[in-house]
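Report on one structure; see the data block that follows.
Whatever order the structure lists them in is the order used to number ligands and atoms, beginning at 1. All residue numbers refer to positions in the sequence shown, counting from 1.
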Amino acid sequence: MCGIVGCILKNNRKAAPILLDSISKLEYRGYDSIGIATIDNNKIFIKKDEGNIETVDNKLDLADMDGDYGIAHVRWATHGDPNKVNSHPHTSQDEKIAVVHNGIIENYVELKEQLENEGYEFKSDTDTEVIPQLISKYMSKGFDLESAVRETITMIEGAYAIAAICTDEKKIVATRKDSPLIVGLGKKGYFVASDSPAILKYAKDIIYPEKDELVILTENEIVIKDEYDNIIEKEIETIDWSPEMAEKEGYDYFMLKEINEQSTAVKNTLTGKKEIEKIVSKIKGNINRIIFVACGTSYHASLTGKYLIETLAGIPTEVILASEFKYSTKTLDDKTLVIFISQSGETADTLKALEAANKTSQTLAIVNVVGSSATRQANHVIYTQAGPEIGVAATKTYLSQLTSIYMFAAILSGNEYLFKDLNKIPKYIDEILEDTTEIELVSKKFKYADDFFFIGRGYAYPIALEGALKLKEITYIHGEGYAAGELKHGPLALIDQNIPVVVVAPPGDNNRKTMSNLEEVKSRGADVFAVGSFDDESLRSKSDDIFCINPDVDEILAPLVYIVPLQLLSYYVAIERKLDPDKPRNLAKCVTVE
Ligand code: F6R
């Protein structure tokens with residue numbers, strides 16, 4: 001839930017401006033503090049403080065630091081309040097070693113106690129501070145930085161991506177376990193980072209280190225060692241994302257940019273048909289059950305997957321939240337295909353579930369980030385082609401996940417005709433984005449609401465859930481997604497004129513029943529905002545406000561289109577409430593703790 005970067009540059013280039021630029025691309029991973037450490041002439045320089053990058057940079061002028069190598073960090077606090085002392089980089093007591101860390105050291109209390117008994121003094125409340133202290137302890141016994149880091153990781157338990165520097169050696173030593181870390185080979189120098197947007201501008205050739213491999217960056221080379229300290233050759237992969245993809249490009253916020261990129265994301269994801277055909281040919285006939293496993297928005301994409309696969313392929317399909325998966329493993333077998341949906345491929349809950357499923361079943365990961373942990377652990381991988389998503393709230397990655405799921409279901413069930421419809425989805429999305437005035441007006445009206453309900457049936461139910469999640473995340477308004485038919489079994493008691501109800505009512509068999517549910521809330525005084533088809537006169541007459549969508553989008557296709565006005569609704573309500581939709585409080589893009 002933090003972001004780390006390290007770089008060592010050639011030709012005496014100053015590292016701080018590049019570290020600042022790189023770490024600012026990871027602000028979606030944490031934004032309560034920032035810090036940079038560089039080394040020049042065997043002296044360590046550190047600037048760090050609480051606040052977002054802009055605030056701290058205005059105060060400290062972060063780019064103005066000497067030294068051609070260093071490390072940087074953006075923090076999303078887990079242990080210790082967000083304040084200057086708890087900000088990374090953390091240093092050893094003698095201030096010779098500096099470390100940035102993403103993850104959680106689970107046994108830090110015992111380690112800290114032990115080190116304190118040995119005379120080490122601690123400044124912060126963080127779990128991380130034990131790392132530079134341990135490195136320092138081993139270096140005082142004669143180890144070099146590399147072996148001291150190696151010894152340190154035998155002591156710490158938990159999840160980590162670490163980058164360490166010390167005043168006596170011109171190198172960066174980095175390593176990881178259960179937290180992401182990539183290594184970049186650029187013309188200006190060498191990099192480590194939590195995620196590729198940080199280094200896209202400087203390095204496109206990437207190495208993905210595995211658990212407990214040591215990465216040693218010096219001015220002239222990158223050395224990677226396995227857990228037994230043997231030097232290993234790693235594959236270098238080239239990423240085809242451009243640096244501009246990780247910029248706002250004229251939009252006020254990444255979220256709006258990413259909502260607007262959705263038709264392209266769907267189009268690009270549709271180009272992956274051949275890869276899916278290959279996977280299906282390997283598993284078809286060998287499975288009699290499918291389980292989707294995911295969290296948050298990816299879980300909502302999975303719910304659509306269940307309806308689709310059961311309808312089209314007739315294979316019994318379940319959906320389990322990744323954090324609950326370990327309680328549901330008793331009946332898994334080798335005829336079960338477990339599909340993991342994750343935009344980041346680094347979500348800790350999902351990775352733990354994947355590890356468990358790999359023991360008994362076939363596994364498939366649908367992931368957006370190339371080379372991420374899930375892609376290395378699953379038996380099969382489908383890449384969504386959304387490009388980098390920086391806004392914390394998932395939008396274009398959600399539609400890309402759904403596109404991959406629809407393609408998979410169509411190929412698995414032999415329903416090729418579905419591709420004709422899928423190819424039209426980008427056009428339907430663009431039609432919505434052409435004119436969003438209606439949604440902006442509704443957002444003004446709803447900005448003072450305290451609670452919302454979102455209701456839908458069948459394929460519209462996961463849309464309602466996702467609409468409610470987007471609202472909660474970025475507007476801090478309580479939004480509840482409900483199956484339209486379930487409302488009368490309890491929550492209807494809450495409905496009155498103060499609660500807007502968003503009714504998701506695409507054309508299809510379920511529409512008539514949804515209309516009855518709309519009447520139920522309307523007669524209790526609710527203000528109804530409907531999303532439905534242009535030619536649904538009945539819906540138009542019964543709703544207070546309506547956003548109309550092309551009538552050709554029936555209920556099966558609705559998840560790929562109807563979510564767009566709901567994303568926009570949350571976005572504009574957040575803007576009305578003067579909130580930053582890219583950085584919702586308490587949340588980070590990639591959740592690397594269980
Ligand atoms: C919501 C959101 C989260 C993620 C969830 C899983 O907008 O982004 O709910 O969907 O944390 O993340 P991934 O898909 O990276 O596994």
Side-chain angles (χ1 to χ4, degrees), residues 1 3 28-30 76 178-180 194-197 253-256 258-259 262 265 292-305 319-325 338-355 364-375 377-378 381-384 386-405 454 462-463 465-476 479 481 563-564 566-571 574 579-594:
M1 318 266 241
Y28 66 87
R29 300 179 67 90
W76 188 87
D178 296 340
S179 288
S194 300
D195 199 359
S196 56
Y253 291 99
F254 279 111
M255 183 176 177
L256 188 59
E258 287 157 4
I259 290 173
Q262 293 191 109
F292 280 95
V293 178
C295 314
T297 292
S298 302
Y299 174 77
H300 297 153
S302 306
L303 291 174
T304 305
V319 186
I320 303 178
L321 286 166
S323 55
E324 291 292 312
F325 183 74
V338 191
I339 306 181
F340 293 85
I341 312 283
S342 174
Q343 75 80 21
S344 63
E346 298 292 351
T347 303
D349 288 325
T350 308
L351 292 178
K352 280 286 166 214
L354 174 52
E355 198 182 314
L364 162 67
I366 300 183
V367 177
N368 195 48
V369 178
V370 176
S372 55
S373 300
T375 68
Q377 289 170 25
V381 178
I382 297 173
Y383 278 113
T384 54
E389 187 177 69
I390 312 291
V392 166
T395 53
K396 63 174 178 170
T397 53
Y398 174 61
L399 280 195
S400 306
Q401 290 170 344
L402 283 172
T403 306
S404 293
I405 292 171
F454 290 71
I463 307 173
L465 291 174
E466 176 59 10
L469 179 65
K470 287 285 95 72
L471 187 84
K472 275 183 278 219
E473 273 182 292
I474 63 163
T475 70
Y476 316 147
I563 190 60
V564 180
L566 304 191
Q567 295 166 338
L568 288 164
L569 175 72
S570 297
Y571 173 81
L579 298 168
D580 179 346
D582 287 345
K583 295 176 198 143
R585 69 183 179 208
N586 307 338
L587 300 178
K589 182 101 193 129
C590 179
V591 186
T592 51
V593 289
E594 278 183 89

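Taking atom 14 (O) of ligand 1 as the reference point, the nearest protein heavy-atom neighbour is S298 OG, 2.6 Å. Of the protein's non-hydrogen atoms, S344 OG, 2.6 Å is the one closest to atom 15 (O) of ligand 1. Atom 10 (O) of ligand 1 has its closest protein heavy atom at T297 N, 3.1 Å. Here the protein heavy atom with the shortest distance to atom 11 (O) of ligand 1 is V591 CG2, 4.1 Å.
The closest donor-acceptor contact from the side chain of E389 to the backbone of K396 lies under 3.5 Å. A donor-acceptor pair under 3.5 Å is absent between the side-chain atoms of E346 and the main chain of S372, judged by distance alone. D582 contributes a side-chain N or O that, together with a main-chain N or O of M255, makes up a donor-acceptor pair within less than 3.5 Å. Q401 places no side-chain N or O within 3.5 Å of a backbone atom of T384 that could act as its donor or acceptor partner.
For ligand 1, one of its N or O atoms has an N or O atom of A394 under 3.5 Å away. Close N/O approach between K470 and ligand 1 is found [any backbone or side-chain N/O within under 3.5 Å]. At a 3.5 angstrom cut-off on N or O pairs, T347 counts as close to ligand 1.
Counting heavy atoms under 4.0 Å from ligand 1, residue E473 touches it through the side chain alone.
Set against the non-hydrogen atoms of S342, the atoms of ligand 1 under 4.0 Å away are 13 (P), 14 (O), 15 (O), 16 (O). The distance from ligand 1 to the heavy atoms of V392 drops below 4.0 Å at these ligand atoms: 8 (O). Interface of C295 with ligand 1, defined as ligand atoms under 4.0 Å from a residue heavy atom, comprises 5 (C), 6 (C), 10 (O). Taking a cut-off of under 4.0 Å to the non-hydrogen atoms of A393, the atoms of ligand 1 that pass are 7 (O).
In this structure, CD in Q343 is found 10.5 Å from OG1 in T350, a value given to the nearest 0.5 Å.
A heavy-atom distance below 4.5 Å is found between the side chains of I382 and L364. No side-chain heavy atom of T297 sits less than 4.5 Å from a side-chain heavy atom of T397. E466 is not listed as a side-chain neighbour of L566, based on a closest heavy-atom distance of 4.5 Å or more. Between T395 and Y571, the closest side-chain pair of non-hydrogen atoms is not below 4.5 Å.
For T397, the closest heavy-atom approach to ligand 1 does not fall below 4.0 Å.
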